[in-house]
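Structure first, then comments.
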Amino acid sequence: MLKQVYIKDNVKDVAEKRISYIFNEFENIIVSISGGKDSTVLCWMALQEAHRRNRRIGIFFLDEEVVYQSTIEQVTWLMNLYPENTVRIWFQFPFKLTNATSLIDSQLICWEPGKHEIWMRPKISYSIKNIPWNRDTQTIRDKNKGFGFYDVIDNFQASKKNTAFLVGLRAIESMNRFRAVAKNPGYKDCYWCSKIHKSEGSVVFYPLYDWIFSDIWKYIYDNNIRYSRIYDYQFKKGMPQNEIRVSSLIHEKAFKSLVELPEFEPKTYDKLLKRIKGIQIGNLYGKDAKMLRARKLPKNYKNWMEYRDFLLATYPDIDKKIIFEKRYAVQLNNNYVARQQCRQLLLNDYENNLPVDNKEDPREETLKKWRELL
């Protein structure tokens with residue numbers, strides 16, 4: 001059983017030692033940024049070390065187009081903070097994103113050719129506008145979906161040998177994130193990293209993996225670091241800690257941001273309405289218990305199994321419908337599982353990014369115990 005082990009050093013000092021270690025071990029270093037608080041802190045720390053050593057490091061941003069304007073402003077600031085120590089790697093070329101707000105327009109092609117008039121914004125002058133690796137050796141995880149977000153990451157990393165990729169992942173946010181740190185062999189005696197098997201000598205490092213929410217904000221405050229103003233809006237709105245985040249606006253784990261988007265960034269919302277279908281649905285029903293979140297069963301259905309069967313029967317995309325049917329055929333048929341299946345169907349999650357917890361309803365066991373006691 002895994003458990004937390006506390007040491008005397010604080011996370012700031014340990015992170016600085018980790019970054020120094022990476023600089024000692026690797027000539028080529030690339031920091032991945034999203035415009036969020038975690039990657040902002042990591043990029044800041046790496047740039048301080050690069051500046052002290054008079055070294056240049058890459059700062060990598062994969063532009064999904066459908067993001068907050070505040071994110072673009074934050075990324076621009078980081079890219080130009082220490083120009084003498086920075087190699088700017090800003091990708092702005094076409095790839096596919098799942099659109100969780102529409103079953104008809106289920107994918108967005110970011111920076112789609114021929115649609116520049118409705119792009120969220122013009123491309124940056126210094127961005128990389130074409131795929132910078134050999135297309136003949138390019139890999140794609142899911143042929144049904146096509147060339148997507150993670151395919152860009154995979155192929156970019158595979159094209160860079162003997163490179164340290166720095167990612168601002170914090171393990172405490174989810175078990176999946178902790179697993180990303182712990183599941184693969186590390187580099188030498190370093191345990192807070194994962195080797196990249198598709199690229200010779202390259203490693204993904206997580207220097208902030210053991211930081212918590214308050215550590216990030218304390219570091220930002222102590223060093224007077226600029227951050228995305230979306231966090232201020234979300235905090236003033238009273239949003240819970242686990243929902244205060246910056247990401248894409250349309251995928252299945254972030255579409256709830258559309259509810260507040262007209263208030264936070266009205267111009268971004270107006271552009272998004274013209275760019276892709278389903279945005280009004282996300283805005284109106286993003287936090288509705290009966291709709292996209294599938295928290296409350298609609299009144300015309302006896303149980304979640306009946307509602308799931310209705311959603312499957314009326315699913316508009318035949319190819320994706322088959323994917324759902326095959327997946328559900330090997331899963332349990334109870335209310336607990338069916339509710340999660342309904343959520344996948346409503347969010348068009350054919351990729352299984354929100355996997356179903358396939359087990360007996362835990363509430364039934366609790367009810368059984370109470371029945372025995374009473």
Side-chain angles (χ1 to χ4, degrees), residues 64-66 94-115 118 120 140-151 247-259 261 269 271-335 337-356 358:
E64 300 172 78
E65 189 190 341
V66 284
F95 61 93
K96 294 181 179 179
L97 283 180
T98 298
N99 176 20
T101 65
S102 173
L103 299 180
I104 298 172
D105 198 3
S106 61
Q107 285 192 329
L108 167 72
I109 301 176
C110 305
W111 310 109
E112 185 174 358
K115 293 191 175 181
I118 60 170
M120 296 293 289
I140 298 177
R141 292 188 185 190
D142 186 343
K143 302 295 183 183
N144 291 317
K145 177 182 177 182
F147 186 68
F149 179 91
Y150 290 107
D151 298 311
S247 64
S248 166
L249 294 168
I250 63 170
H251 69 69
E252 60 280 337
K253 294 183 179 180
F255 69 90
K256 294 191 293 295
S257 302
L258 294 172
V259 176
L261 184 60
Y269 180 70
K271 291 177 182 177
L272 203 55
L273 285 172
K274 299 173 184 177
R275 182 68 179 95
I276 190 168
K277 294 178 181 178
I279 299 306
Q280 283 181 310
I281 297 297
N283 170 244
L284 292 172
Y285 301 111
K287 293 187 178 181
D288 188 288
K290 293 181 182 179
M291 290 292 289
L292 300 179
R293 300 179 76 188
R295 292 285 180 86
K296 187 176 181 180
L297 182 69
K299 65 179 180 179
N300 293 328
Y301 300 92
K302 296 178 182 178
N303 52 50
W304 287 104
M305 288 90 79
E306 185 179 322
Y307 185 38
R308 175 205 58 206
D309 293 342
F310 167 76
L311 292 174
L312 269 175
T314 56
Y315 200 85
D317 189 321
I318 299 300
D319 293 333
K320 294 185 177 68
K321 178 181 178 181
I322 293 171
I323 294 173
F324 285 117
E325 288 175 336
K326 288 182 178 179
R327 184 186 302 159
Y328 299 162
V330 297
Q331 293 177 348
L332 295 174
N333 188 39
N334 61 39
N335 265 309
V337 170
R339 188 197 69 79
Q340 299 171 75
Q341 293 169 341
C342 288
R343 188 184 184 206
Q344 284 194 334
L345 288 162
L346 289 167
L347 293 177
N348 191 31
D349 184 22
Y350 65 93
E351 300 169 279
N352 206 29
N353 288 324
L354 297 169
V356 171
N358 186 37

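Only this structure's heavy atoms are used, side chains among them; waters, hydrogens and symmetry mates stay out.
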Do [X] and [Y] come within less than 4.5 Å of each other through their side chains, counting heavy atoms only?
X	Y	answer
Tyr315	Leu311	no
Leu108	Arg275	yes
Phe310	Asn300	no
Leu312	Phe324	yes

Gly146 to Ile140 - nearest heavy-atom pair and separation: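 In this case the closest contact between Gly146 and Ile140 is O-CG2, 3.6 Å.
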To the nearest 0.5 Å, what is the distance between [atom1] on [X] and [atom2] on [Y]?
X	Y	atom1	atom2	value
Leu354	Gln344	CG	CD	6.5 Å
Ile276	Ile250	CD1	CD1	4.0 Å
Leu273	Ile118	CG	CD1	12.0 Å
Glu112	Gln107	CD	CD	11.0 Å
Ile323	Asn352	CD1	CG	10.5 Å

Non-neighbouring partners of Ile318 that pass side-chain contact (heavy atoms from CB on, under 4.5 Å), sequence neighbours left out: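 Testing Ile318 for side-chain contact (heavy atoms from CB on, under 4.5 Å), a comparison that skips the adjacent residues, returns Ile322.
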Parallel, tilted or perpendicular, as decided by the 30° and 60° cut-offs, for the rings of Tyr307 and Tyr301: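 Tyr301 and Tyr307: tilted rings.
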Are any side-chain N or O atoms of [X] and backbone N or O atoms of [Y], one a donor and one an acceptor, separated by less than 3.5 Å?
X	Y	value
Asp309	Glu306	no
Glu64	Cys110	no
Glu65	Met120	yes
Asp349	Arg343	no

From CA spacing to verdict: side chain to side chain contact (heavy atoms under 4.5 Å, CB included), Tyr350, Lys321: CA-CA 8 Å; Tyr350 65 93; Lys321 178 181 178 181; over 6 Å; no
Worked check of side chain to side chain contact (heavy atoms under 4.5 Å, CB included) between Met305 and Gln341: CA-CA 9 Å; Met305 288 90 79; Gln341 293 169 341; over 6 Å; no
Residues Lys145, Asp142: salt bridge by 4.0 Å N-O rule: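 A salt bridge is absent here (no side-chain N lies under 4.0 Å from a carboxylate O).
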Derivation of the side chain to side chain donor-acceptor pair (under 3.5 Å) call for Arg327 and Asn358: CA-CA 11 Å; Arg327 184 186 302 159; Asn358 186 37; over 6 Å; no
Check against side chain to side chain contact (heavy atoms under 4.5 Å, CB included), Arg308 and Arg339: CA-CA 8 Å; Arg308 175 205 58 206; Arg339 188 197 69 79; over 6 Å; no
